[in-house]
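If you read the sequence from its start, that first residue is 1, and numbering goes on from there.
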Amino acid sequence: MPTALIRRPSPRLAEGLVTHIERTPVDLDLAATQWQTYVDALHRTGWETVEVPPIDECPDSVFIEDTMVVYGDLAVIARAGADERRPEAAAAEETVAKQGYRIAHIADPGTLDGGDVLKIGSTIYVGHGGRTNAKGIEQLRDAFAPLGADVRAVPVQKVLHLKSAVTALPDGTVIGYEPLVDDPSAFDSFRPVPEESGAHVVLLGEDRLLMAASAPKSAELFAELGYTPVVVDISEFEKLEGCVTCLSVRLRR
């Protein structure tokens, strides 16, 4: 059974960082309901979840994906580009280590957020921008090179993280909302989608795509391509530049 790491929202969620959008009020009760619906969708599609201990003092801690990058049997623990998010990593490291993964770390002066990393087979695209710097990318490349990974830096300036702009379909095609993609030619294969949140999918297996309810036209497109959208409403997390990928770490080895 595939496993995903998750973490409950902090009671300070509404104070989370925003960088490329205007701040709007967050409904904490609705966010808690939406988070549980997201977790239920994972369970319904055959995933087991492991809960990382909450860290209430960190508003963005629900976005657990940013704490690490996992490839093969190695989990590289991130060093967040935002100083106030760095305390989020310790409990996440302990949890993934208990799942049997070897551990490495991004170290000063490197910075790296897991949301800047898109894995497609042995190719790993890493967004070089506001939260992830060149030293962090270099350290990630060194960590994964012995496992046969090809780490490629791509520019990210228009959005918070690389996976705020693009993710990939099961066939390896990168999908993105073109106005927010810095360089579509950086990817081996690229398909535009009609909505910003339509660029965000989690591969659930058996051609099922976990995606946000805010992208109905993209869901129609994916269905026409033969995929099965599994739709969840994550509106309160989208107010904080979050998306379906941010809310879990998928362990696929």
query = Does the side chain of Ser214 come under 3.5 Å of the side chain of Glu195 through a donor N or O and an acceptor N or O?
reply =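 There is no such pair (donor and acceptor under 3.5 Å, judged by atom type) between the side chains of Ser214 and Glu195.
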query = Under 3.5 Å, is there a donor-acceptor pair linking the side chains of Tyr177 and Ser218?
reply =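 No pair is found: no donor N or O on one side chain lies under 3.5 Å from an acceptor on the other.
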Shortest non-hydrogen contact from [X] toward [Y]:
{"X": "Ala212", "Y": "Glu238", "answer": "CB-OE2, 3.4 Å"}
{"X": "Trp47", "Y": "Leu204", "answer": "NE1-O, 3.1 Å"}
{"X": "Tyr101", "Y": "Ala75", "answer": "CB-CB, 4.2 Å"}
{"X": "Tyr71", "Y": "Leu147", "answer": "O-CD1, 3.5 Å"}
{"X": "Phe190", "Y": "Thr173", "answer": "C-CG2, 4.2 Å"}
{"X": "Val202", "Y": "Val244", "answer": "CG2-O, 3.7 Å"}

Close side-chain approach of [X] to [Y], heavy-atom, < 4.5 Å:
{"X": "Arg252", "Y": "Lys119", "value": "no"}
{"X": "Val117", "Y": "Thr132", "value": "no"}
{"X": "Thr37", "Y": "Asp233", "value": "no"}
{"X": "Leu209", "Y": "Pro170", "value": "yes"}
{"X": "Val231", "Y": "Met211", "value": "yes"}
{"X": "Met68", "Y": "Ile77", "value": "yes"}
{"X": "Val156", "Y": "His161", "value": "no"}
{"X": "Phe222", "Y": "Ile175", "value": "yes"}

Measuring from atom [atom1] of [X] to atom [atom2] of [Y], what distance do you get when rounded to the nearest 0.5 angstrom?
{"X": "Leu203", "Y": "Thr245", "atom1": "CG", "atom2": "OG1", "result": "10.5 Å"}
{"X": "Phe144", "Y": "Ile124", "atom1": "CZ", "atom2": "CD1", "result": "5.0 Å"}
{"X": "Ser61", "Y": "Arg8", "atom1": "OG", "atom2": "CZ", "result": "12.0 Å"}
{"X": "Glu51", "Y": "Leu5", "atom1": "CD", "atom2": "CG", "result": "10.5 Å"}
{"X": "Arg191", "Y": "Glu178", "atom1": "CZ", "atom2": "CD", "result": "11.5 Å"}
{"X": "Asp56", "Y": "Leu13", "atom1": "CG", "atom2": "CG", "result": "11.0 Å"}

Does [X] use its side chain to pair, donor to acceptor, with the backbone of [Y] at less than 3.5 Å?
{"X": "Thr167", "Y": "Ala199", "result": "yes"}
{"X": "Gln139", "Y": "Ala107", "result": "yes"}
{"X": "Thr24", "Y": "Lys239", "result": "no"}
{"X": "Arg86", "Y": "Ala80", "result": "yes"}
{"X": "Arg23", "Y": "Gly16", "result": "yes"}
{"X": "Gln34", "Y": "Glu236", "result": "yes"}
{"X": "Arg208", "Y": "Thr45", "result": "yes"}
{"X": "Asp113", "Y": "Gly115", "result": "no"}
{"X": "Thr123", "Y": "Asp150", "result": "no"}
{"X": "Ser248", "Y": "Arg250", "result": "no"}

ask   = Near Lys135 NZ, under 6.0 Å, is it more than 12 heavy atoms from other residues, nucleotides or ligands?
value =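 No, because the 6.0 Å sphere around NZ of Lys135 holds 12 heavy atoms or fewer from other groups.
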Within 6.0 angstrom of Arg141 CZ, more than 12 heavy atoms from elsewhere =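 Atom CZ in Arg141 is crowded, with more than 12 foreign heavy atoms closer than 6.0 Å.
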Membership question, hydrophobic clusters at under 4.5 Å side-chain separation (ILVMFWY): are [Y] and [X] in the same one?
{"X": "Ile55", "Y": "Val52", "result": "no"}
{"X": "Leu247", "Y": "Ile64", "result": "no"}
{"X": "Leu118", "Y": "Ile137", "result": "no"}
{"X": "Val159", "Y": "Val18", "result": "no"}
{"X": "Leu160", "Y": "Leu17", "result": "no"}

query = Between Arg152 and Asp188, does at least one N-O distance fall below 4.0 Å, as a salt bridge requires?
reply =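 So Arg152 pairs with Asp188 through a salt bridge.
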inquiry  = Looking at Lys158 and Asp182, is any side-chain nitrogen of the basic one under 4.0 Å from a carboxylate oxygen of the acidic one?
reply    =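 Judged by the 4.0 Å cut-off on N to carboxylate O distance, Asp182 and Lys158 do not form a salt bridge.
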message = If we check side chain to side chain contact (heavy atoms under 4.5 Å, CB included) with Val154, which of these qualifies: Asp183, Leu162, Val174?
response =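 Considering Asp183, Leu162, Val174, a side chain to side chain contact (heavy atoms under 4.5 Å, CB included) with Val154 is found only for Leu162.
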message = Can you tell me how the ring of Phe237 sits relative to the ring of Phe63, calling it parallel under 30°, perpendicular over 60° and tilted otherwise?
response =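 Because their plane-to-plane angle is over 60°, the rings of Phe237 and Phe63 count as perpendicular.
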key: Qualifying residue, where the test is salt bridge (charged side-chain N to carboxylate O under 4.0 Å, His left out) with Arg79 and the options are Asp116, Asp108, Asp66   =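 In the set Asp116, Asp108, Asp66, the residue that makes a salt bridge (charged side-chain N to carboxylate O under 4.0 Å, His left out) with Arg79 is Asp108.
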